[in-house]
Amino acid sequence: MALSGIRAWRTAFLTLRDETLTFPPRTLLPDLLRNLIFSHSEILVSAASALPPHEIASDLILLVELAGAISEGEDVEYTFINTCHLIHDVSCRIRLEMNSSSWVVMFGFFEKMVQWSLCTDTKTACSGNAARMKAIREILEILRNCSLAENSKILELLLHIISRSHAVLFCSSYSSGNQRYAIDIGTKIPKCNDLWEVQTIAFSMIGDAFSRNGSNISVNMWQSMLEVLRKVIDGLVSRSLLVEDYVMSRFYNSLLHCLHLVLSDPKGSLSEHVAGFVASLQMFFTYGITNKSLVVFKEKEFSSINLNSRLEQSRKIERGGTYRPPHLRKREEMSVQPFKARGFRCSSDCEPFGLGFMSSDSEHSDSDGPVKDTDRFRCSKARIAAIICIQDLCEADPKSLTAYWPMLLPTNDVLQLRKYQATLMTCLLFDPILKTRMASASALAAMLDGPSSVFLQVAEYKESTKCGSFTTLSSSLGQILMQLHAGLLYLIQHETHSGLLASVFKLLMLLISATPYIRMPIELLPTVISTVHKRILEDFSLKTNQTSLLATALSCLASALSTSPPSSQVAELLQEGTSTDVVGVQPNSSVLGSMFQFSQRVMHPTIAFEALQALRAVSHNYPNVMAAYWEQVSATVYGLLREGGPDCPIYEVQSRPWKVDVGNALGSTPEKCTMAAIRVLDECLRATSGFKGTDNLLEDKLLDTPFTSDCTRTKKISSAPWYELNGSEVSEGNLTGYSSGVKQWCEAIEKHLPSTLLHKAPMVRAASVTCFAGTTSSVFFLLPKEKQDFIISSVISLAISDEVPSVRAAACRAIGVISCFPQIFESTEILVEFIRAAEINTHDTLVSVRITASWALANICDSLRHRASDLHLDKCSSGPNAYSGSISLLAECALRLTKDGDKQKFDVGKHLRIHMTPKKVID
């Protein structure tokens, strides 16, 4: 049988070659192809697997060349269609192996076939001609089996197929021809399911090619794909062709997924396409869940009160009752209501919140559950894909997207379903499918992250009673921020799904960092803190299985508390319960009481760490409030240092020098927890000491922004952050007994710092020595002599002996601070040791260490210069000549630093040489 098939193949194609070379031809070409090839196609196809691949390729190229030469007559359709059938059937048996020139000929024929089949002047193109549509689908299957070497040619042909089919579907000759009425949107579209299917397959193949080999796609090809996608989507949206049935939902999913792949790997500018894509994609936000022609939404149905009950009902459905296997669910559905046909429109009976949240695609597979649920989930895939495309646009071109925020984000009535316009926030609040809500949260996070945080700094909320025709950008952004706060805070109060709630907390953190609260309503930030704190107490404080979620919530609370500048309303909120917060009892209703409770060692290390971060934020922003909590701070830190068990050692005393494993430089979670506790201690010591500095963390952050990166600011490292609220002190009387800070410093030096300065973790040692950079001269010189010696010896020893750069840098910072204290250099030994410790670190390989050490030298020089006029050197125990050696060392350092190629070193050396006058100091 195989031999007879081979003989038939070779006989047919040899005869075909001979006949076509005869002039004049004895038989017409269409008849020749019909008699020799098409009438024996089954036998020829069966023999393909036994023939050499190069012979098959040569014969098929001859066939397409001859078939393509037929340009008119009734035999064109027969010849074209049968040629496609034969090539397709052969390609199903063997893999076609052709060179580039052969593929060019093959693709040329396919392009001609597509152009002929999808001619907009031929009514049969959209009348359901099964033979033509089958031939085009066969072409798509042939292309799917082509080698990757012809990827660009394949993409060009696929785009051609899409363009031609799109032209047929939207041509004017068929806008009033064979149509069906889409009652859900009130428009008319051609009934060309075959063409929609063809486009679905083509977009799917483009997506596969892009995901498989996207890095090798040229810029021109990427631009062509983007333009075709834009044209198709604009055509759909311009005529409101969003039909909710099986065929169209598959088409939308394929189209949007392809768009996602193209947008996620941009090879050019998207700015000219952003506006069109935003307007188009927004229409998909409610695809499958609304029926605008039949359903009339009433405002009262979507008030915030009813929203709560609807959400609760939805969650009950999500949790569900007894599990029913798929076959029983199908049987019950059939007994209640027969299945609808494929044309089922999932929105016809899809009320808002009428669906439970679904956790996975498997719950809606094509073979699991009733058809209604399957179509409903398929519609949700289109919504998710549209939201993901918005996120892609934001990540690819955030600057262009900011102009369209009012279209994507709410400006009013966020807790009410919108009749005509959906936003990402309405998807997050109201969508009945959990995955859609999660996608909305991710897209919102992308919009609020990155450059957008700078863009939002111009926002300003103005409550106006008049509805004017023009709204400034700052006012529009202010309204958007207010609505985002309202929606997220509502979800924090009512959401029960832990995964979505964690996303909402993270989204709120981004919103907090991007919101200029100083230009927003004064009650907004306290409301955020109270809402998050209330949810923590109600749902997480006594639950042991939600550690991650509680840690995320605490991190969100810390972000709110660290917002700058500080708010007097937040200070009043933090003062609530000051007299009743006691360590060791159940979490107090006050914010600080809860944070102290969560920071205990008995808590999970991650929870304790986040609680300590929140306490540090309070200490940093509201030092007067935190000063009243010294006893709780001291007890908390001491407990973390002394109560570590053998399985989780918190500290370990070692002798210097230390060796550190670079791979574990960041330390474990207990070590991070200890470091956070020391930082809380540091901030609280600064508060009780009355430390006022010039460093401002907000200014440091703004220096990294495009608006302020060019400004120049001179700054000493001899200070730490300190904020003063407008008006009088936040809490008068809170500092009674703490004004000097001597008692607190003595306690810290006796109980906490000796062990932490010898801690095995570099991060803990660095945090501990940083505490010394927060003392003041008034406190330092009131300390007992042994405490002063302990501080000085510790910073010198760590600056010289510690092998970890971050610890040495922190010690040099402390040296730079202490060197500014009056009378600190009455002892020349201290001066010499400070200069020696700083000078050694100016040789470090890390620039962060060199900078800190160099500025420590600069501060020493400044101290000597400023004290030259009022220092009575004759009263110094060492005599005036004792300083000459130190000054000579400074001069030597200045000369060496100015000769160094490092700009930081050069600047410091120049500073030393300008401000240091040895003769003036000695005189």
Side-chain angles (χ1 to χ4, degrees), residues 184-187 226 229-244 248-249 251-253 255-260 262-264 270-293 295 297 302 347 350 352 379-398 400-414 416-433 435-448 452 476-477 479-480 483-484 487:
D184 57 320
I185 55 178
T187 58
L226 189 65
L229 287 165
R230 172 75 184 279
K231 181 179 180 181
V232 172
I233 293 178
D234 286 351
L236 293 173
V237 176
S238 63
R239 304 192 184 190
S240 299
L241 297 181
L242 296 186
V243 182
E244 297 166 11
M248 295 305 297
S249 62
F251 168 70
Y252 296 145
N253 293 336
L255 169 66
L256 294 174
H257 180 66
C258 181
L259 177 62
H260 157 64
V262 173
L263 294 177
S264 60
L270 293 170
S271 57
E272 61 180 290
H273 300 286
V274 171
F277 279 137
V278 169
S280 303
L281 293 171
Q282 188 184 28
M283 294 191 64
F284 287 94
F285 288 176
T286 56
Y287 177 70
I289 59 174
T290 61
N291 192 337
K292 296 179 181 179
S293 63
V295 180
F297 295 124
F302 300 101
S347 68
C350 180
C379 290
S380 73
K381 285 185 175 181
R383 299 197 300 274
I384 294 171
I387 293 171
I388 292 175
C389 288
I390 292 292
Q391 182 174 344
D392 295 331
L393 286 173
C394 181
E395 293 172 349
D397 194 351
S400 298
L401 190 68
T402 52
Y404 307 98
W405 275 34
M407 296 176 61
L408 298 172
L409 302 175
T411 56
N412 55 67
D413 299 330
V414 67
Q416 296 182 3
L417 264 179
R418 296 174 179 268
K419 294 180 181 179
Y420 308 109
Q421 182 182 11
T423 65
L424 289 173
M425 200 66 200
T426 58
C427 294
L428 179 60
L429 284 167
F430 303 123
D431 198 280
I433 302 297
K435 285 189 174 181
T436 310
R437 304 177 73 199
M438 296 289 287
S440 300
S442 179
L444 286 168
M447 293 179 68
L448 292 174
S452 300
S476 177
L477 293 176
Q479 293 172 0
I480 289 174
Q483 296 303 310
L484 290 178

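Keep in mind that this is a model prediction, so the values were computed, not measured.
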K.L.:
Minimum heavy-atom separation for H273 to R230, with atom names?
P.N.:
ND1-NH1, 3.2 Å
K.L.:
Considering all heavy atoms of both residues, which atom of A439 and which atom of I387 are nearest to each other, and what is their separation?
P.N.:
O-CG2, 3.4 Å
K.L.:
Should M425 and L409 count as side-chain neighbours, where that means a heavy-atom distance under 4.5 Å?
P.N.:
no
K.L.:
Hey, what do you get for CD1 (I388) to NE2 (H257), rounding to the nearest 0.5 Å?
P.N.:
9.0 Å
K.L.:
Determine whether L408 and F285 satisfy the following criterion, side chain to side chain contact (heavy atoms under 4.5 Å, CB included), listing intermediate values before the conclusion.
P.N.:
CA-CA 10 Å; L408 298 172; F285 288 176; 4.1 Å; yes
K.L.:
Any side-chain heavy atom of T426 sitting closer than 4.5 Å to one from P410?
P.N.:
no
K.L.:
By the definition side chain to side chain contact (heavy atoms under 4.5 Å, CB included), identify the one residue from L401, V278, T423, L424 that meets it with M407.
P.N.:
V278
K.L.:
State, with a plain yes or no, whether a side-chain heavy atom of C379 is found less than 4.5 Å away from one of I289.
P.N.:
no
K.L.:
Do side-chain atoms of D397 reach the backbone of L393 as a donor and acceptor pair under 3.5 angstrom?
P.N.:
no
K.L.:
Quick one: pull up OG in S440 and NZ in K435 and give me the separation to the nearest 0.5 Å.
P.N.:
14.0 Å
K.L.:
Give a yes or no on whether the backbone of V243 and the side-chain of Y252 come within a donor-acceptor separation of less than 3.5 Å.
P.N.:
yes
K.L.:
In Å and rounded to the nearest 0.5 Å, what is the CE to CD1 distance from M447 to I480?
P.N.:
7.5 Å
K.L.:
Could you report the tightest heavy-atom contact between V414 and G487, atom names first, then the distance?
P.N.:
CG1-N, 3.9 Å
K.L.:
Name all pairs fulfilling the salt bridge (charged side-chain N to carboxylate O under 4.0 Å, His left out) condition that reach into residues 382-394, sequence neighbours left out, sorted by first residue then second.
P.N.:
R383-D431
K.L.:
Considering residues at least two apart in sequence or located in another chain, which fulfil the side-chain contact (heavy atoms from CB on, under 4.5 Å) criterion with Q391?
P.N.:
E395, S442, A443, A446
K.L.:
Is there side-chain contact between T286 and F430, with heavy atoms separated by less than 4.5 Å?
P.N.:
no
K.L.:
To the closest 0.5 Å, what do you measure between OG (S280) and CD1 (I233)?
P.N.:
6.0 Å
K.L.:
Working to the nearest 0.5 angstrom, can you tell me the gap between M248 CE and N253 CG?
P.N.:
11.0 Å
K.L.:
Show your working on side chain to side chain contact (heavy atoms under 4.5 Å, CB included) between C258 and L229 and close with a plain yes or no.
P.N.:
CA-CA 8 Å; C258 181; L229 287 165; 4.1 Å; yes
K.L.:
Just wondering, do L256 and Y287 contact through their side chains at under 4.5 Å, heavy atoms?
P.N.:
no
K.L.:
Looking at S249, is its backbone amide N or carbonyl O close enough to the side chain of E244 to form a donor-acceptor pair, meaning the two atoms are under 3.5 Å apart?
P.N.:
no
K.L.:
Measure the SG-CH2 distance between C394 and W405 for me, rounded to the nearest 0.5 Å.
P.N.:
7.0 Å
K.L.:
Take L263 and L226 through the side chain to side chain contact (heavy atoms under 4.5 Å, CB included) test and state the conclusion after the steps.
P.N.:
CA-CA 8 Å; L263 294 177; L226 189 65; 4.0 Å; yes
